[in-house]
Chemist: 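Below: one structure in structure tokens.
None of the values given here were measured: they were computed from a predicted structure.
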Amino acid sequence: MINDSDLDSIDWSSMGHAYGPAGDLPTWLRNMASPDPEVRERAFGDFYSAAHHQGDVYPCTTASLPFLFAMADDPATPDRASVVALLVSIGGEAAERTDGIWIGPDGTASTAGADSSALIRERGESFVVYASDPDARVRGAAIAGLGLFLDDVERAVTVLRDRLKAETGTTERLLVIETMADLALRLPAAQAPAREWLDTLADDVTTDPDIRLAALVERARCAPQAIGDDTVPTAIALLRRITPVPEPDPEAKPEAEEAGERKGKGTGKETGKEKGKEKASGPCTCAVEPEPDAGVPPFVTAAFADLDRHGRVHAPTTRLLVAFHTALGGRVGDRTALLAEQLRSPDPATRYDAIGMVKSLVDRQRGDHTRLVRLLADCLTTRDAYTTAAAAEALGSLGGLAEPAREALAAYVAEHRVTHRPDAWASPHPLPRRAHQQAVLALAALGDERALPGLLTALDSETDVWRAVNAVGRLPQCAAALAPRLVSRLAEADYTREWSAVSPPALMSALADLGDPAAVPALADAVRAAARHKQTCGAAPALRALASFGTRAAAALDVVRPLADAADVTLRVAAIRALWELERRPENVVPRLESLLDEAQHHDRHGVLDILARVGPPAAAALPRLRRILSDATVRHPGDAWILVHAAPALWEIGGEAEADLVVRSLLTAWAGNSAAANKAVACLDRMGRSAAPAVPRIQAALARPDRSGDPWGRSTAQDEELQAAARTILARFADLTSPTGPTGPTPPPPGQ
């Protein structure tokens, strides 16, 4: 147990953590050993939040290690498993920070990563003891440490082999196999003995199928280049053996009744198997989300519920299969075959967890995903609201790629309104309500007007209306029914409040997307009201919405003109944009835009450049400035892709063919520097016609990529689909340049990614 005098002898206040001086560390460490579970939970939470914030390792974290080991070593410690898990987490993160000096969030240099890693590895044998503890939770927390902290390869391999023989629990045995792979990946000398052991386990037909599958997956993770044509079929066969076909459940109840009975029960993370009250053939369920707090904006509550939901794991094989998909990487065919098996599994937990893996594949890899989309559509059923909600949410995120599921979504929404209730969007039962809403939103994302009844229910009932507002803009053909409701809500907006159930900017954006000019007076009134309360975050979006109507919103010019000289730069840029779109008089906007090129910063400057592009040749006076901006950005700030992809289109739209060389070079530089800038670059190249010829090799290379982006955060699935469509249009224009015998000859390597 912790020695209080040793704990008090350290000057904790001289050290810092994520939120300031670390004087609170002694209290947290003592409370981790409290007999009160709530006190312990709060102490661990505080430590993770501050002294191990997002994996960070501070000097105070290092100073805590002897005390954490003291608690882990003491059998009387109430929750030793959590202490061991914390040690493993600190050690694992510290191992990533051992090279040189680490600069902490406060800007100070620290060797805490290297110091913590060295201290924990000195105590590597402690994890051998923890991994043999009578408490399965302690063993489960410690096993990963065997691969992270033992540097003697022979010793580590022997301990792990013995551990597999000694363990009887499936979870612990799978952890041992995973840890052997981690060891091989960390220490090259462990590769040969680890792979030999994994090969033996994977190929032994007398071994349990879950162990064989784990060995197969971890072998693939250690050596993805050795994955053969039979690897995935073998894994599928093992998965079928692990998941027997269940018997039908004659007591299965309709989703509404089931949701009502479950309301308030469970922890929110327990599966049907864990509760032991549902057969495997029943729906995959978790406790429903708690009713929202009246003092918290509903979209904030929903965001936290989403985070909690997306962190759930329902099937024991899920962790293993996620690792397998990671090892398979760009083998889209193999991953599709495996996911198809998962989505058709008789086990509802396996089916549910596969949905997130499908989304991950589609988000990162190009290809024909029709088969998986149709299998997601098969998950839409009124018998399982929990899985239906996840499948519909995934389909809604896929944009046009969800087209093969259109009719299934429409059929589900229609059937649900009959079997559950006509106003299913506003159902009092949380699970069916969320399932219906996600299906309606997915239909709306496809521009399908069969989503209209649900959206109207939302707008008329106040139930999750913020979700509907974010979707109604996809149905401009239904503007006559939708726009008046949005206008009414916008008229009631309170610009003195920081939060509201539906944000005025969301209403303004939706009205702009619907394109009904009857909304112009309401938007003009919104500009007045927001400006009167000095709410730029309300006035600027209203001005941008007015601009989307062009000259049809000319009646609002009296509201717009005074704001074109507003002191707030963001408001001024939005007003100048509206001024141009509403009256199209260059003399009223070009001088203002030129003066803003120096004054505006970041996104405001980007907005100025975009307006200049809209003005076109009448903004010729800005050409010298635009050339200087591009030259300066290329030479002095080559990493600033965004200024390039905003300034280059402006130069092209104003100067035309004479500026083509600089424009193309700037766009390609931006694209090479930041893949997220690709869409704007390609959109401009598309408008350039034959002048974009120098970019053809880069466009060919981009279209040939099997993955969606060199940067996983660069583009969404929908944005990448748009990029591919624009790229194909451009290449079709240059058929003579892109043919094998065309005048360009061999395609040179593209710059950057």
Chemist: Side chain of Glu721, backbone of Ala718: donor and acceptor closer than 3.5 Å?
Modeler: no
Chemist: Please determine whether a side-chain nitrogen of the Lys or Arg among Arg708 and Asp363 lies less than 4.0 Å from a carboxylate oxygen of the Asp or Glu.
Modeler: no
Chemist: For Glu583, look at atom CD and say whether over 12 heavy atoms of other residues, nucleotides or ligands are found less than 6.0 Å away.
Modeler: yes
Chemist: How long is the gap from OG on Ser548 to CG on Leu523, to the nearest 0.5 Å?
Modeler: 7.5 Å
Chemist: Just do the side chain to side chain contact (heavy atoms under 4.5 Å, CB included) check on Met357 and Arg335 with the steps written out, would you?
Modeler: CA-CA 10 Å; Met357 298 182 217; Arg335 293 181 65 183; over 6 Å; no
Chemist: Can you tell me if Asp516 uses its side chain to pair, donor with acceptor, with the backbone of Ala519 under 3.5 Å?
Modeler: no
Chemist: Any carboxylate oxygen within less than 4.0 angstrom of a Lys/Arg side-chain nitrogen, looking at Arg625 and Glu594?
Modeler: no
Chemist: Does the pair Asp686/Arg733 count as a salt bridge with the N-to-O cut at 4.0 Å?
Modeler: yes
Chemist: Find the distance between CH2 (Trp466) and OG (Ser503) and round it off to the nearest 0.5 Å.
Modeler: 11.0 Å
Chemist: Would you say that Arg489 contacts Val465 through its side chain, given a criterion of any heavy-atom pair below 4.5 Å between the two side chains?
Modeler: yes
Chemist: If I compare all heavy atoms of Tyr495 with all of Gly538, which pair ends up nearest, and what's the gap?
Modeler: CE2-CA, 4.5 Å
Chemist: Please assess Val469 against Leu459 for the test side chain to side chain contact (heavy atoms under 4.5 Å, CB included), listing each intermediate value before the final yes or no.
Modeler: CA-CA 8 Å; Val469 169; Leu459 293 173; 4.0 Å; yes
Chemist: If we ignore hydrogens and angles and just use 3.5 Å, is the side chain of Arg592 paired with the main-chain N or O of Asn588 as donor and acceptor?
Modeler: yes
Chemist: At what distance, to the nearest 0.5 angstrom, does CG of Leu401 lie from CG of Leu372?
Modeler: 11.0 Å
Chemist: Tell me whether Glu659 is salt-bridged to Arg627, with the criterion being a basic N under 4.0 Å from an acidic carboxylate O.
Modeler: yes
Chemist: With a 4.5 Å limit on heavy-atom distance, are the side chains of Leu482 and Leu452 in contact?
Modeler: yes
Chemist: For residues Pro504 and Leu490, determine if any side-chain heavy atom of one lies less than 4.5 Å from a side-chain heavy atom of the other.
Modeler: yes
Chemist: Do side-chain atoms of Arg572 reach the backbone of Leu563 as a donor and acceptor pair under 3.5 angstrom?
Modeler: no
Chemist: Has Ser397 got a side-chain atom pairing as donor or acceptor with Ala394's backbone, closer than 3.5 angstrom?
Modeler: yes
Chemist: Would a 4.5 Å heavy-atom cut-off, applied to side chains only, mark Leu630 and Ser666 as touching?
Modeler: yes
Chemist: Rounded to the nearest 0.5 Å, how far does NE2 of His325 lie from OG of Ser360?
Modeler: 8.5 Å
Chemist: Show every salt bridge (Lys or Arg N to Asp or Glu O under 4.0 Å) that has at least one partner inside residues 649-658, sequence neighbours left out.
Modeler: Glu653-Arg687
Chemist: Rounded to the nearest 0.5 Å, what's the gap from CG on Leu593 to CH2 on Trp580? Could you check?
Modeler: 10.0 Å
Chemist: Considering non-hydrogen atoms only, spot the tightest contact between Gly399 and Leu446 and give its length.
Modeler: O-CD2, 3.5 Å
Chemist: Would you name the heavy atoms of Ala553 and Leu582 that are closest together and state the gap between them?
Modeler: O-CD2, 3.1 Å
Chemist: Please examine the side chains of Val560 and Val527, heavy atoms only from C-beta on, and report whether any two atoms are closer than 4.5 Å.
Modeler: no
Chemist: Do you know the tightest heavy-atom contact between Phe549 and Leu511?
Modeler: CZ-O, 3.7 Å
Chemist: For the pair Arg577 (side chain) and Arg544 (backbone), establish whether a donor and an acceptor sit closer than 3.5 Å, ignoring hydrogens and angles.
Modeler: no
Chemist: If only atom types and distance count, is the side chain of Ser675 paired as donor or acceptor with the main-chain N or O of Trp671 below 3.5 Å?
Modeler: no
Chemist: Could you pull out the closest heavy-atom pair between Gly607 and Val573, with the gap in Å?
Modeler: C-CG1, 4.1 Å
Chemist: Tell me, with the steps shown, if Arg366 and Asp707 meet salt bridge (Lys or Arg N to Asp or Glu O under 4.0 Å).
Modeler: CA-CA 5 Å; Arg366 294 170 176 171; Asp707 58 331; over 6 Å; no
Chemist: For Arg467, does the CZ atom sit with more than 12 other heavy atoms under 6.0 Å from it, leaving out its own atoms?
Modeler: yes
Chemist: Is there a salt bridge (Lys or Arg N to Asp or Glu O under 4.0 Å) between Arg665 and Asp661? Walk through the geometry before answering.
Modeler: CA-CA 6 Å; Arg665 283 191 288 110; Asp661 180 63; 3.1 Å; yes
Chemist: Are Val682 and Glu722 close enough that some pair of their side-chain heavy atoms sits under 4.5 Å apart?
Modeler: no
Chemist: For Leu596, run the side-chain contact (heavy atoms from CB on, under 4.5 Å) check against Ile576, Leu609, Leu612 and tell me which one passes.
Modeler: Ile576
Chemist: Nearest 0.5 Å please: distance from the NE2 atom of His603 over to the CG atom of Asp610.
Modeler: 12.0 Å
Chemist: I'd like to know if the side chain of Glu393 reaches the main chain of Ala439, judged simply by a donor and an acceptor atom lying under 3.5 Å from each other, with no hydrogens or angles considered.
Modeler: no
Chemist: Might you work through the side chain to side chain contact (heavy atoms under 4.5 Å, CB included) test for Ile699 and Phe734, ending with a clear yes or no?
Modeler: CA-CA 11 Å; Ile699 295 169; Phe734 290 99; over 6 Å; no
Chemist: Considering only heavy atoms from C-beta outward, does the side chain of Asp525 approach that of Arg528 to under 4.5 Å?
Modeler: yes
Chemist: So, Ser509 side chain and Pro505 main chain: donor-acceptor pair closer than 3.5 Å or not?
Modeler: no
Chemist: Mark yes or no for whether Ser488, through its side chain, and Pro484, through its backbone, hold a donor-acceptor pair below 3.5 Å.
Modeler: no
Chemist: Check this for me: does any side-chain nitrogen of one of Arg406 and Asp448 sit under 4.0 Å from a carboxylate oxygen of the other?
Modeler: yes
Chemist: Show, in sequence, the C-alpha distance, side-chain angles and deciding distance for Leu644 and Leu667, and conclude whether the side chain to side chain contact (heavy atoms under 4.5 Å, CB included) test is met.
Modeler: CA-CA 6 Å; Leu644 292 171; Leu667 293 173; over 6 Å; no
Chemist: Please report the closest heavy-atom contact between Val559 and Ala524, naming both atoms and the distance.
Modeler: CG1-O, 3.9 Å
Chemist: Would you say that Gln438 contacts Leu441 through its side chain, given a criterion of any heavy-atom pair below 4.5 Å between the two side chains?
Modeler: yes
